[in-house]
Trainee: 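After the structure tokens below, expect a handful of questions from me.
Because the structure is predicted, anything quoted here is derived from the model rather than measured.
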There are 4 protein chains.
Amino acid sequence: MSQGVRPTQQARSRETRDKLVRALDEKLRVKAFADVSIAELAEAAGLSVGAVYRRFENKDAFIPVIFELYRERLEAFMAGEGRIEIEPANGLRAALHTACRVAWSFLDKHGYLVRATHIYSRLRPDLVGDDWEAMLDQARQSADQLLDLFGDEVKRQDRVEAAQMFTYLMNTLPIERGIYREEGAAVVLTISDEQFVAAIADTLYGYLVTPDRHDD
Amino acid sequence: MSQGVRPTQQARSRETRDKLVRALDEKLRVKAFADVSIAELAEAAGLSVGAVYRRFENKDAFIPVIFELYRERLEAFMAGEGRIEIEPANGLRAALHTACRVAWSFLDKHGYLVRATHIYSRLRPDLVGDDWEAMLDQARQSADQLLDLFGDEVKRQDRVEAAQMFTYLMNTLPIERGIYREEGAAVVLTISDEQFVAAIADTLYGYLVTPDRHDD
Amino acid sequence: MSQGVRPTQQARSRETRDKLVRALDEKLRVKAFADVSIAELAEAAGLSVGAVYRRFENKDAFIPVIFELYRERLEAFMAGEGRIEIEPANGLRAALHTACRVAWSFLDKHGYLVRATHIYSRLRPDLVGDDWEAMLDQARQSADQLLDLFGDEVKRQDRVEAAQMFTYLMNTLPIERGIYREEGAAVVLTISDEQFVAAIADTLYGYLVTPDRHDD
Amino acid sequence: MSQGVRPTQQARSRETRDKLVRALDEKLRVKAFADVSIAELAEAAGLSVGAVYRRFENKDAFIPVIFELYRERLEAFMAGEGRIEIEPANGLRAALHTACRVAWSFLDKHGYLVRATHIYSRLRPDLVGDDWEAMLDQARQSADQLLDLFGDEVKRQDRVEAAQMFTYLMNTLPIERGIYREEGAAVVLTISDEQFVAAIADTLYGYLVTPDRHDD
DNA sequence: AATGAATGAGACTTCATTCAT
DNA sequence: CATGAATGAAGTCTCATTCAT
């Protein structure tokens, strides 16, 4: 094989992969990954079943793709409409409200991906590998910066713990309502989206400004 | 309908059902419901496949059983080791810490059931029906009482919203770490269980004592 | 066992059997025998599955019952509303029209039994045994009598053949439309029931009055 | 969609289908369709169960195939040995005898298909759809032509009714004996096939030449 | 290499029949 | 004896994966 062909093949290979990723994205909008068959995916991508197995060893090999999609969307969002301009002068609470509003708008648009990601980060953590941890770590670093920025308002002594908990809360609080809407624990809520977003922002705020407890 | 025979058969019938419920319980400890086949369940219960279908119309009919199990465990727990003695004199924060410790210890033991319940309250809300909502409503009522008890400490104006959010948070915050442990958003946490429990108690506390915000 | 009990038991046994026969009759009105399960039959008869198997060795043992039912109905019909008063003076054609009208009215009422009987006389001729042949033979004898009565009008030389064919036609011509109505060969017919009955009577008549062919 | 590959696959695909159709044909010679399992069919065709489901959505999807088989055989028959040369000069009766002989010889060879077709045109008229009606309609048109050809001999006033009844009779009279032989109403007949065929031809003839009745 | 036909294990479900109570 | 719970073979169908063309 002459070397001149490779780039073409690589390009074609990449293209094939992209088709599959797009097809998966489309499918995940309407059904769970477990309910998507390879044949279905192949058809949606305009490929044959055999071609799919040429790119992916087996069905499980698509799971990392879900994360890839998630990350792509998140990065695009953060670089675009999700870019947060924090105004230190307005204080921590305002910053958190802004952050929660932004997080909520991401969930609103890409909830189906967040759902799939969440499910498989639990169901098959082995297949997700470092991607997930890397993303969370990045989130933790952002949290660190935020805590530094409002160091005087934050009353938590242990900054490491605070950054971890902040990340944990940020990835936990809105999700339940954001991706499962009328099911799960969210059914107890009758408040509007706006009220809910404000409430979780206040929850984060409350955690950060509550001084450590000295007993128990 | 004659008496004298029925009781025996009913007992046998009940026993079969119990065997199946126990078998399901065992299986849920180690794998997801979707991955448990009827044949597997039958074998674990020491029954034939046909016997399963005499008690349960189809596989879906087991989903309510998961909730039943959950509720049973929860009630037994609440009546036993989970009974909370709230000492109003110690204040809201102490009460929340106690409540979270108790909730955590339930999750620690019955997390697999909570997981299955959570998954199916989302996946098949139609099959879960009112059970789930009834449980949440009961939780909301308990929240109401707690808020009343510490009415002077709570700064939230809208008590209805506060009770709802309290319930939502109580059913959301510990779950992620409690049932998925090393996976999901919880991987970011390096803190100990005790620290985590304290942190979420503080989070709840922070939410309740944070006064309403007057702008936006 | 004292002898005094027997009659009671026999009576009870008979009663059980009757219940089952009635239940089967009900079921055959709405579905095919193959689609009636033993459990269904037992329930409809107000009996247990075990009780059914005490009276009938297996499901196939019900097939003769279908014939029994058929014969009962036919005999009751012939003794009642189906009793034909043939007026020799009116001629063969009038007699046939009357006979066909009567046959049609039986089909109209008991078509579902005729259908089941027909199906099983083909599907499991071994289980039907002599019942079916006996019935047909009786019909043939009636045909014989009719041919004798109108001996001068009938032009068929071979009276044995004529009686057989008459029976065959009588059990064939109306059935198709009578029990399958809008399906099968009957879909080609747009004529009314009355016209149809008249047409098959004329068909029978035409056969009987057509002289033998002397060639080929 | 590229050419060069498809033909092969299409041929393979077609071949598989043909194998299944042939296997079905073989099975229908010896047992009812309902008693043929998919696994059995697959084995007879030298295929796996999955391959069957690639060609046919479900078992019901084979029912139209039965009709397809029937029609194929009928058309091949009509174009070959079943081609009827009607000699108008010999009259209606001779024509009918010829037609019945031909029909009988078809039944003799392909009775098992006719049986299956008849059963399913009743059992699942929804799956048979227009095929059946189309065939009957074609038969009715042939009947029309025949009646025209022998217009002077036919005494039935209503030609539309006569054509319909002729079709009905042609599809009813021989069938019973033709496809169920020693079972059903045919058991009453001790006459030979030749005599039987002559008798039904005379029956058809008798119907057509019997003038309308003017009373009742 | 690409295609999609074929494979075959395994899932759910039904129901005639048996048998413990 | 009656009851109806239990059995288990058999049927339909799905789909991840393999492989002939």
Trainee: Is B:Tyr53 close enough to E:dT14 that one of its side-chain N or O atoms is under 4.0 Å from OP1 or OP2 there?
Mentor: no
Trainee: DNA chain F: A:Asn58 or B:Val49, which has the more 5' nearest nucleotide?
Mentor: B:Val49
Trainee: Does some side-chain heavy atom of C:Ile179 sit less than 4.5 Å from a side-chain heavy atom of C:Tyr112?
Mentor: no
Trainee: Give none if E:dA1 has no partner; otherwise give the nucleotide forming a Watson-Crick or G-U wobble pair with it, both distances under 3.5 Å.
Mentor: none
Trainee: Tell me, please, whether B:Tyr53 has B:Lys59 positioned over its six-membered ring: NZ or CZ under 6.0 Å from the ring centre and within 45 degrees of its axis?
Mentor: no
Trainee: Tell me the interatomic distance from B:Glu15, atom CD, to F:dG4, atom P, rounded to whole angstroms.
Mentor: 18 Å
Trainee: Could you state the CZ-P distance from A:Phe56 to F:dT18, rounded to the nearest angstrom?
Mentor: 16 Å
Trainee: What's the closest nucleotide to the side chain of C:Arg54 if the choices are E:dA16, F:dT7, F:dC1?
Mentor: F:dC1
Trainee: In whole angstroms, how far is the P atom of F:dA2 from the CD1 atom of C:Ile38?
Mentor: 16 Å
Trainee: What is the separation between atom CD on B:Glu57 and atom P on E:dC12, rounded to the nearest whole Å?
Mentor: 15 Å
Trainee: For C:Ala51 and for A:Asp35, locate the closest nucleotide of DNA chain F by heavy-atom distance; then report the residue assigned to the nucleotide nearer the 5' terminus.
Mentor: C:Ala51
Trainee: Nearest nucleotide by nearest heavy atom, which residue falls closer to the 5' end of DNA chain E, D:Gly50 or C:Gly50?
Mentor: D:Gly50
Trainee: Give none if F:dA2 has no partner; otherwise give the nucleotide forming a Watson-Crick or G-U wobble pair with it, both distances under 3.5 Å.
Mentor: E:dT21
Trainee: For D:Trp132 and D:His118, take the angle between the two ring planes, folded into 0 to 90°, and tell me which bin it lands in: parallel under 30, tilted 30 to 60, perpendicular over 60.
Mentor: perpendicular
Trainee: Atom NZ of B:Lys59 and atom C1' of E:dT14: how far apart are they, to the nearest Å?
Mentor: 18 Å
Trainee: Using Watson-Crick or G-U wobble geometry with both distances below 3.5 Å, tell me the partner of F:dG11, or none.
Mentor: E:dC12
Trainee: When all nucleic acid strands are considered with a 4.0 Å heavy-atom cut-off, which category describes D:Leu47: base, sugar-phosphate, or nothing?
Mentor: sugar-phosphate
Trainee: Using a cut-off of less than 4.0 Å, is there contact between a side-chain N or O of C:Ser48 and OP1 or OP2 of F:dG4?
Mentor: no
Trainee: Do the side chain of A:Glu40 and the main chain of A:Ser37 share a donor and acceptor less than 3.5 angstrom apart?
Mentor: yes
Trainee: So, do B:Asp25 and B:Arg73 sit near enough that their side-chain heavy atoms are less than 4.5 Å apart?
Mentor: yes
Trainee: Quickly work out the B:Phe62 CZ to E:dA11 C1' distance and round it to whole Å.
Mentor: 14 Å
Trainee: Which residue, C:Ser37 or B:Asp60, contacts DNA chain E at a nucleotide closer to its 5' end, judged by nearest heavy atom?
Mentor: B:Asp60
Trainee: Could you tell me the separation between the CG atom of B:Leu41 and the P atom of F:dT7, rounded to a whole number of Å?
Mentor: 14 Å
Trainee: Tell me: CD of D:Glu43 to P of E:dT7, nearest whole Å?
Mentor: 12 Å
